[in-house]
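Worth saying up front: this structure is predicted, and the values here are computed from it rather than measured.
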Amino acid sequence: MSAMIIAASSPCPEIGSFRVPERVADLLVEASCPASYLAVYLYALRQYQAGNLNLSNEHIAASLHVSLIDVVNAFMFFSSKGLLKIHRFTSVDDGDFDIEFCFKNPESPKHALPFRPTYKSSEISRHLHENPRMSQMYKMVGRMLGKTLSSADTELLYSFHDYYAMPIEVILVLIEYYVGKGKRSMKYMEKEVGKWTSAGIDTVQKAKAYIEKREAFLSYAGQVRTILGIHERHLSTRELTYINKWQNELSMSLDMVRKAFELTVDQTGRLSFAYMNKIMESWAADNIRKQEDIKRDTKAKGKESKKSRYDFDALQRLAFEHVNRPAKKE
């Protein structure tokens, strides 16, 4: 016989109650929410609703017989879930700050603080013992990195799942990918975990799609570097933004990038990403994105080229008609 929850037939007049957000109850099924965190939250919420607002974190720790760091980490955890806000925070080691309860369920309960909590090794060990999947993740990550994880590595890896709320299988995909790129620093991994979390990558399918898109961009950007003769330095953020636009927004083939570069150097005597961008924007406006489009365009205008490869003059004319066109008068 299985137990059931039945509707109450009569109230319990001697027992009071207070409101608890639904999200808190939902967190009970998450392995990342220790019972001590829940106790801290419920105790503080009960005091808040009773009007006891001058409650220190030290008092909460003493009342619940937990450490001060457990109280601090609990409030950080529920802040990361959007259930409260922390004010006057100075550092993880300082337990003196204010909290503000939030009773609206946030659309995206991701980590909201620019810092992650600290974890005691005993806390991590307990969770690894209670969660075989997480324990197996640690073993697999150690094999990927080819080393025994340090205490700092162990804490960072734990934060990927606890603080950043990244599923275990996605963590493994991320680490395997960057190890394959020669990146073995867990601090580097943490930066990427933050990016993936912000991008909403929370499934293996999304992770694989992100990696595929990133690889395509890296390949395209690498070939653009070769075309432009950039070998000794890294591309700037602005230059990468232009290249991303050429590939994903304007859909320009590498051959058209090469032509835009040649035209830019012919007209300006130097490499100019901004000038190249204007040229390719003008081509995109005429739906010209590869060599074949030039032939199509000249045919449409009754000026089909007799050149065997492409009509370079038509290409140049189309580019500079747009780039050098005077602004329209209002």
Side-chain angles (χ1 to χ4, degrees), residues 16-128 130-131 134 155-168 170-171 190 193-194 196-198 200 202:
S17 62
F18 65 98
R19 295 179 59 190
V20 178
E22 294 177 356
R23 175 65 177 153
V24 176
D26 294 338
L27 289 173
L28 287 171
V29 299
E30 293 189 12
S32 61
C33 181
S36 60
Y37 289 9
L38 184 63
V40 169
Y41 180 89
L42 291 177
Y43 181 82
L45 180 62
R46 172 71 182 94
Q47 299 305 313
Y48 165 76
Q49 296 197 8
N52 301 326
L53 304 183
N54 296 320
L55 210 63
S56 69
N57 290 337
E58 289 83 357
H59 176 83
I60 296 175
S63 299
L64 297 177
H65 304 289
V66 298
S67 67
L68 178 60
I69 191 66
D70 281 337
V71 176
V72 173
N73 282 345
F75 285 141
M76 287 183 179
F77 173 82
F78 284 104
S79 176
S80 75
K81 300 300 181 181
L83 288 163
L84 57 81
K85 295 179 181 179
I86 293 179
H87 302 279
R88 292 196 312 106
F89 180 87
T90 56
S91 72
V92 176
D93 298 324
D94 186 358
D96 183 21
F97 52 79
D98 299 327
I99 64 169
E100 174 189 350
F101 286 100
C102 304
F103 297 107
K104 289 185 178 181
N105 188 26
E107 294 182 2
S108 180
K110 300 296 182 183
H111 65 284
L113 299 175
F115 50 82
R116 55 178 173 78
T118 58
Y119 303 97
K120 296 183 294 186
S121 58
S122 58
E123 177 186 352
I124 297 175
S125 297
R126 187 181 80 251
H127 281 289
L128 293 184
E130 295 172 352
N131 190 336
M134 185 176 290
E155 185 175 356
L156 273 175
L157 184 56
Y158 184 76
S159 74
F160 295 171
H161 183 64
D162 178 74
Y163 174 60
Y164 292 97
M166 180 171 281
I168 290 174
V170 178
I171 293 173
E190 183 182 21
V193 167
W196 285 34
T197 301
S198 298
D202 54 7

- Query: Distance from Asp162 atom CG to Met76 atom CE, nearest 0.5 Å?
  - Reply: 12.0 Å
- So CD1 of Ile60 and CG of Asp70: to nearest 0.5 Å the spacing works out to 12.0 Å
- Query: Atom CG in Leu128, atom CD in Glu123: separation rounded to 0.5 Å?
  - Reply: 10.5 Å
- Item | Heavy-atom pair of closest approach, residues Pro117 and Asn73 | CB-OD1, 3.1 Å
- Can you name the closest pair of heavy atoms from Glu155 and Thr118 and give their distance? OE2-CA, 3.2 Å
- Query: Short question: side chain of Ser79, backbone of Phe75 - any donor-acceptor pair under 3.5 Å?
  - Reply: no
- Which heavy atom of Phe160 sits nearest a heavy atom of Ile171, and at what distance? CB-CD1, 3.7 Å
- Which atoms form the tightest heavy-atom contact between Phe101 and Ala44, and what is the distance? CZ-C, 3.7 Å
- Could you please spell out the steps behind the side-chain contact (heavy atoms from CB on, under 4.5 Å) verdict for Asp202 and Val170? CA-CA 7 Å; Asp202 54 7; Val170 178; 5.7 Å; no
- Can you measure from CD (Glu130) to OG (Ser125) and round to the nearest 0.5 angstrom? 11.0 Å
- Task: Classify the angle between the aromatic ring planes of Phe77 and Tyr37 as parallel (below 30°), tilted (30 to 60°) or perpendicular (above 60°).
- Result: tilted
- Query: Would a 4.5 Å heavy-atom cut-off, applied to side chains only, mark Lys120 and Ser67 as touching?
  - Reply: yes
- Side chains of Leu42 and Arg46: closer than 4.5 Å at any heavy-atom pair? no
- Report the distance from atom CG of Leu83 to atom CD1 of Ile99, rounding to the nearest 0.5 Å. 11.5 Å
- Item | Side chain proximity check, Leu68 to Asn57, heavy atoms < 4.5 angstrom | yes
- Shortest non-hydrogen pair, Glu190 vs Leu156, comes out as OE1-CD2, 3.3 Å
- List the atom of His161, the atom of Met166, and the distance in Å for their closest heavy-atom pair. ND1-O, 2.9 Å
- Look at the rings of Tyr158 and Tyr119 and say which category their plane angle falls in: under 30° parallel, 30 to 60° tilted, over 60° perpendicular. perpendicular
